[in-house]
Amino acid sequence: MDQLKTEEVLTLPISGMSCAACSARVEKGLSKMPGVIEAGVNLALEKGTVTYDPTRVTPGDIISKIRDIGYEVPEDNVELLISGMTCAACSARVEKKLLSLPGVREAAVNLATGRAMVRFIPGLITVNKLKQAVDALGYKACRAADISRDEEGLARQKEIRLQIARFVLALVLSLPLLMMMFTEAIGWHNFMLSPVLQLALATPVQFIAGWQFYRGAYHALKTGGANMDVLVALGTSTAYFYSLVSVLAGWRVFYFESAAVVITLILLGKLLEAVAKGKTSEAIKKLMGLQAKTARVIRNGIEEDVPVEEVEVGDVVLVRPGERIPVDGVIIEGVSSVDESMLTGESVPVDKVPGDDVVGASVNKQGSFTFRATRVGEDTALAQIIRMVEAAQGSKAPIQRLADRVSAVFVPLVIVIALITFAGWYMSGAGFTAALIKMTAVLVIACPCALGLATPTAIMVGTGVGAEKGILIKGGEHLERAGRINTVVLDKTGTITRGEPSVTDVLVLPGFNERELLAAVAAGERKSEHPVGQAVVSYAVAGGVMSDAEVTEFQAVPGKGIRFKMGDREWQVGNEEMAKAQGINIEKVLPDKNRWEEEGKTVMLAVSNSRLAGMIAVADTIKEHANEAISRLKDLGLDVYMLTGDQARTARAIAKQVGITDVIAGVLPENKAQEVTKLKEAGKVVAMVGDGINDAPALATADVGMAIGTGTDVAMESASITLIRGDLRAIVHAVKLSRQTLKKIRQNLFWAFFYNVIGIPLAAFGVLTPVMAGAAMAFSSVSVVTNSLLLKRYNPER
């Protein structure tokens, strides 16, 4: 009989194709692969459909082939909300399952937030398949984007109310049993409940209040796993069913109170944990609460109040004193001062005039003004900050890997230890009952919850506190690395200095006059984006010497200057290197040039028709608090470098003003990343701080990239941490907060491990009863979350 032919069809997105030749090339390359039966590529849809034999070729091979040909298979990201996870073993199982699915590239499951961040290839798997895989484990998954924040908050409140109801039921029914246990312990035997009454009180606690543990244990065991629910269900069921048999057999030995009180204590721990976990995400709630609900829009000359969601880009919006600015925009008319502390952490209001940017959710303090909306809805700065903080709080730090590895084997190991405990006590002659109780105590005290909460709760609080202080940390990995840096590299312009230089000196050589020189240089620099050139333009405009003559053949020479024609003259304006390339002798101006550069000024040489026409000196002012910030960075034990494209003499002059001794000068924009790489290769853990587009490669190359938020979006996108304020002290705060958060994570992991390492042997050797074990278990998770919440007290000035 012929062997059945196996075929599968794979549809993949393919990016980077620009013409029919591209699609034909991909199609041809795929068709030649062994195991590929048929391949078709649609250029318009940017998709490829491949029929293949799965016994000879895999989807991964097909994707690799597409990339080898020179095109890309785009990946997508989805955030899933997962309910039903109770401990680190649960989150580890969900993560392992997601990672095992074809097409899933990365998955990180956060127990504290109940979220999973998944990166996947759309053609290989769908979001529905991801959800189904999680649901099959006994949990419930949904796409976070499908649930509004209000609905998520309501669901969390509903879960807390349910936990309260379970705990109250368990408490009310357990109190008589607890009282009986207490009176018996002190030798009073008058308050002994009848066995039937004990059974009647304990049964609802076991199977109504404690049903969640049975349900969780069932789903875990059904899929070949084990979690905290398995331990609780096993431990309390052992005590309950032994007591039930004792009632039926008339043995007169009961442990109903142990089972009921243990469940009550664990429910109390779960309730406190849920409430505390809610507090870890208060930063998000505060940020969301800042959003304005309505906006006063002027349309066709008529003012009308509209929901903020209906504001469109280009709308003119009126803001009166005391009102919250609804969206981002640029002031058209009016002056005021605006409280931007919600964004920057800076309490001093900022003066605003026409042309200045305003940010949605900041508060107008004084005058009325109108502004034109530039970013609305999910594009506003506040919305972007909320998304960044949410992503950070759902991320996983590398330090958590140890806890993940332990969690994977923890529950099965505990069950083995519990069985050994039972066998040991029983064979030593302690009797079946005593051995059973010791085994129950081991099962109950072992709690992987603390391990699962140790890292994510600290990250949630740390990133939330950072957001409130104007420090946006992208995720746990970046936060952990920031806590370990030993070297800070500061870009000069826009980071150490204000990035707003002004003309300080002008030297004109014979044959030229100052007005002619300034007019020509300003006309050329008007086509340049360089801040030094723009300073000359501003100076010429203020002096009324701007020329209307046409500038042609303009060319910017990176790291050197500019070239252009104006009338019948050719001009070169730039540094000494550009002048020397033209064969210009600068000896006559060298003394003045050297003196200016020693004063920290940037000197521009102007050459006209191969003759030196003069020099213009431009100085950038040092930012306020720069000296203090750099001194505090050194106090933290950090090496501080300044990186700049300026010549060494100018760079050293600026560095001297702020107390920096290590200077890397004369670096072209494209070589900044190389300088960072050199420091890393020397064994340093490097943080790069910058604000410009040309800093983006260096920010991405550094162990930690810090973007000054007053800079460009490109720099912020490349950075690990965004400092919304231009104040350099924010770097100090970011490092201190990262170190403090890392310290909390280490403390949490230590206590989580220490608790189990000490608690399990104490239970095994009979020192702890099941009730004591239950109380300890409940306390462990709450203590870890509470310790993380102490980060809220972080004061950057201490």
Side-chain angles (χ1 to χ4, degrees), residues 6-19 22-82 91-110 115-137 139 141-146 387 390-391 394-396 398 401 404 474-477 700 717:
T6 58
E7 290 182 7
E8 289 191 14
V9 178
L10 175 66
T11 301
L12 289 170
I14 303 173
S15 64
M17 299 184 297
S18 58
C19 64
C22 297
S23 57
R25 191 162 157 242
V26 177
E27 198 170 288
K28 185 178 178 182
L30 292 175
S31 298
K32 288 182 177 180
M33 289 183 71
V36 171
I37 300 162
E38 185 182 356
V41 178
N42 188 312
L43 175 63
L45 296 177
E46 293 189 320
K47 285 187 177 181
T49 303
V50 183
T51 305
Y52 67 101
D53 180 353
T55 63
R56 299 179 62 198
V57 66
T58 67
D61 296 332
I62 295 169
I63 291 168
S64 296
K65 182 65 176 178
I66 294 171
R67 288 174 174 163
D68 288 342
I69 296 170
Y71 302 96
E72 192 54 61
V73 177
E75 297 173 350
D76 203 354
N77 296 285
V78 68
E79 185 179 20
L80 299 177
L81 292 176
I82 301 175
S91 56
R93 282 177 61 233
V94 174
E95 189 170 297
K96 184 179 179 181
K97 180 64 177 177
L98 289 171
L99 287 169
S100 71
L101 298 174
V104 173
R105 310 289 284 178
E106 288 180 12
V109 179
N110 189 312
R115 291 171 181 257
M117 308 293 291
V118 186
R119 186 160 62 89
F120 66 99
I121 297 173
L124 292 180
I125 195 166
T126 63
V127 174
N128 278 337
K129 290 280 179 66
L130 296 174
K131 290 158 58 178
Q132 288 167 12
V134 175
D135 292 348
L137 293 176
Y139 307 101
C142 64
R143 190 201 297 254
D146 295 339
R387 282 201 301 274
E390 282 183 330
S395 66
K396 183 176 288 190
R401 290 173 189 149
D404 290 344
K474 276 191 175 178
E477 179 183 354
E717 188 65 30

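What you see below is based on every heavy atom in this structure, not just the backbone, and it leaves out hydrogens, waters and symmetry mates.
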Asks: Hey, mind stepping through Ile62 and Val57 against side-chain contact (heavy atoms from CB on, under 4.5 Å) and telling me if it holds?
Replies: CA-CA 8 Å; Ile62 295 169; Val57 66; 4.2 Å; yes
Asks: Is there a side-chain contact between Arg105 and Ile121 (heavy atoms, below 4.5 Å)?
Replies: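 Heavy-atom side-chain distance check passes, below 4.5 Å.
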Asks: What pair of heavy atoms forms the shortest contact from Phe120 to Val78, and how long is it?
Replies: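 Looking at all heavy atoms of both residues, the shortest contact is CE2-CG1, 3.7 Å.
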Asks: Please tell me if the side chains of Leu124 and Ile63 come closer than 4.5 Å, counting only heavy atoms from C-beta onward.
Replies: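 Yes, close enough: below the 4.5 Å cut-off.
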Asks: Using every non-hydrogen atom in the two residues, find where Pro102 and Ile125 come nearest and quote the distance to one decimal.
Replies: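 Looking at all heavy atoms of both residues, the shortest contact is O-CB, 3.4 Å.
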Asks: Restricting to non-hydrogen atoms, name the atom on Tyr71 and the atom on Ser15 that form the minimum distance, rounded to 0.1 Å.
Replies: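 So the minimum-distance heavy-atom pair works out to CB-O, 3.5 Å.
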Asks: Roughly how far apart are Thr55 OG1 and Glu7 CD, rounded to 0.5 Å?
Replies: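 CD of Glu7 is found 10.5 Å from OG1 of Thr55.
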Asks: Could you give the distance from CD (Glu95) to CD (Glu106), rounded to the nearest 0.5 Å?
Replies: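 With rounding to 0.5 Å, CD (Glu95) is 10.5 Å from CD (Glu106).
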Asks: Can you check whether Val134 reaches Leu130 side chain to side chain, under 4.5 Å on heavy atoms?
Replies: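 Heavy-atom side-chain distance check fails, nothing below 4.5 Å.
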Asks: If only side-chain N and O atoms count, and only distance matters, is there a donor-acceptor pair under 3.5 Å linking Ser64 with Asp61?
Replies: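 The criterion, which ignores hydrogens and geometry beyond distance, is not satisfied for Ser64 and Asp61.
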Asks: Apply salt bridge (charged side-chain N to carboxylate O under 4.0 Å, His left out) to Glu72 and list each qualifying residue two or more places apart in sequence or on a separate chain.
Replies: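 With neighbours one apart ignored, the set is Arg67.
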Asks: Drop me the distance from Thr126's OG1 to Leu101's CG, to the nearest 0.5 angstrom.
Replies: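 Going from OG1 on Thr126 over to CG on Leu101, the span is 10.0 Å.
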Asks: Would a distance-only check, ignoring hydrogens and angles, find a side-chain to backbone donor-acceptor pair under 3.5 Å from Arg25 to Ile69?
Replies: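 It does hold such a pair.
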Asks: Is the shortest heavy-atom distance from the side chain of Pro13 to the side chain of Glu46 under 4.5 Å?
Replies: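 Answer no - side chains too far apart.
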Asks: Which atom pairs, donor and acceptor, lie under 3.5 Å between side-chain atoms of residues 28-44 and protein residues at least two apart or in another chain?
Replies:
{"from": "Ser31", "atom 1": "OG", "to": "Glu27", "atom 2": "O", "distance (Å)": "2.8"}
{"from": "Asn42", "atom 1": "OD1", "to": "Ala44", "atom 2": "N", "distance (Å)": "3.0"}
{"from": "Asn42", "atom 1": "OD1", "to": "Leu45", "atom 2": "N", "distance (Å)": "2.9"}

Asks: Which heavy atom of Leu98 sits nearest a heavy atom of Ala107, and at what distance?
Replies: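 So the minimum-distance heavy-atom pair works out to CB-CB, 3.9 Å.
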Asks: If you round to the nearest 0.5 Å, how far is CG of Leu99 from NZ of Lys96?
Replies: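 Reported value, rounded in 0.5 Å steps: 10.5 Å.
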Asks: Check Pro59 against Tyr52 and note the closest heavy-atom contact, atom names and distance.
Replies: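 Scanning both residues, the minimum pair turns out to be CG-OH, 3.5 Å.
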Asks: With a 4.5 Å heavy-atom cut-off, do Arg115 and Ile82 have their side chains touching?
Replies: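 No, their side chains stay 4.5 Å or more apart.
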Asks: Would you find more than 12 non-hydrogen atoms of other residues, nucleotides or ligands less than 6.0 Å from Lys131 atom NZ?
Replies: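 Counting other residues, nucleotides and ligands, NZ of Lys131 exceeds 12 neighbours.
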